[in-house]
Amino acid sequence: MTKASKGSLVILLGPTGVGKTELSLKIAEKLGSPILSCDSRQLYKNLTIGTAAPTREQLERVKHYFIGTLELTDYYSASKYEEDALQLLALLFHDHQSVVMTGGSMMYIDAIAKGIDEIPTVDEQLRKDLQELYQKEGLDPIREQLRLLDPEFYNFVDLKNHKRVIHALEVCLMTGKTYSSFRTNSKKERPFNIIKIGLKRDREELYERINLRVDQMMQDGLLEEARKVYHFRHLNSLNTVGYKELFNYLDDSCDLDFAIEKIKQNTRIYSRKQMAWFKRDEEIKWFHPDQEEEIIDYLLKGHLS
RNA sequence: GGUGCCAUAGCUCAGUUGGUAGAGCAACGGACUGAAAAUCCGUGUGUCCCUAGUUCGAUUCUUGGUGGCACCA
């Protein structure tokens, strides 16, 4: 099989607010590609304003996948995304030479580009039970069990991070094997080329865009959107910047201005975490979002098959 | 105009019986494989308002300013 017949996945990544959506449309139009969203929150229905999902007009310009396809109550994960996206890509590469993937969910991107280890999905009841134990007795008894069942991971893991500790124990209890034994950390081969384009702005510029975007979201009716999903507030899908802060306001535990400031602040912090993650990825070729021509040049001259 | 109180980190404030200072929040750095917009870890960034004294040494005490607040006119 020649390189040319494989097809190319152009991954457009970068921190929130940098300008991925608009640029992804231009590039997809230029390449005649569909867009595959890689955003752990835009996947959900009814979160369009707060997640800055593509607008109806934008969705009409280019065919999008993985926007608003999940119910707020649906369970989802990076590994499920890997599965779903790979399946879809196999289909799309039948009649497209390239597909544009865009989004900022770091682990989802890596799940596609590098793969994620095969770890069994945790049984719902077991998760509930451990959650209950954690609520009642704290992390100590869970840590202790993990120490006995998987000393290797116990020594490796951040013991203060309850999510990691609990998940490792879940897997141990469910499979009867150590969690470590599932962690191979190997890079998976993909049947397509991968080109990573990173979008970057000066911090000051990015922060200003984020602040303005939050104000715009409020004008567009974010508060109303949050109110509509308020009764689902305990779900993971709504443990999301832009919603959790407004839920506090709706609970009467802070005033609206404070909630809005918190949204801005938490979005800025999130953007930094994204940059910290992306910084380590040496496969990324970085551009400013205004460098549309350069990016397309880069893709056409030798990088696209 | 008079009297009193205050001035310390980006903000709100502790504190130093005289040996150049510390909390919360913010800010910043990092980790990250099935909940990841999640979760967790780390870091003090400072003309202690200015000036002149006393002192081996002043952010701390004294003098005089400047600014703010309160009360009295």
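A quick note: this is a predicted structure, and the numbers were derived from the prediction, not measured. A note on names: the letters A, B, ... follow the listed sequences, proteins ahead of strands, and every chain is numbered from 1.
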Which part of the nucleic acid, if any, lies within reach of A/Q131 when heavy atoms closer than 4.0 Å are counted: base, sugar-phosphate only, or nothing? base

Does A/P120 or A/V241 map to a spot on RNA chain B nearer the 5' end, using the closest nucleotide for each? A/P120

Of A/E118 and A/R203, whose nearest nucleotide on RNA chain B comes first from the 5' end? A/R203

Side chain A/K273 and base B/rU39 donor-acceptor under 3.5 Å: yes

How far, in whole Å, is [M] from [N] if one measures between their [atom1] atoms?
N	M	atom1	result
B/rC48	B/rG65	P	23 Å
B/rC13	B/rU66	C1'	23 Å
B/rU59	B/rA26	P	32 Å
B/rA9	B/rG18	C1'	23 Å
B/rC41	B/rU62	P	45 Å
B/rG4	B/rU12	C1'	24 Å
B/rG15	B/rC72	P	29 Å
B/rU60	B/rC6	P	14 Å

Considering just the side-chain nitrogens and oxygens of [X], establish if one lies under 4.0 Å of OP1 or OP2 belonging to [N].
X	N	answer
A/R164	B/rU33	yes
A/N161	B/rC32	no
A/K279	B/rG30	yes
A/R183	B/rC32	no

Side-chain atoms of A/M107 come closest, of B/rC28, B/rA35, B/rA36, to B/rA36

Mind telling me whether A/Y108 and A/Y76 have parallel, tilted or perpendicular rings, with 30° and 60° as the class edges? tilted

Strictly by Watson-Crick or wobble contacts shorter than 3.5 Å, is anything paired with B/rU66, and which nucleotide is it? B/rA7

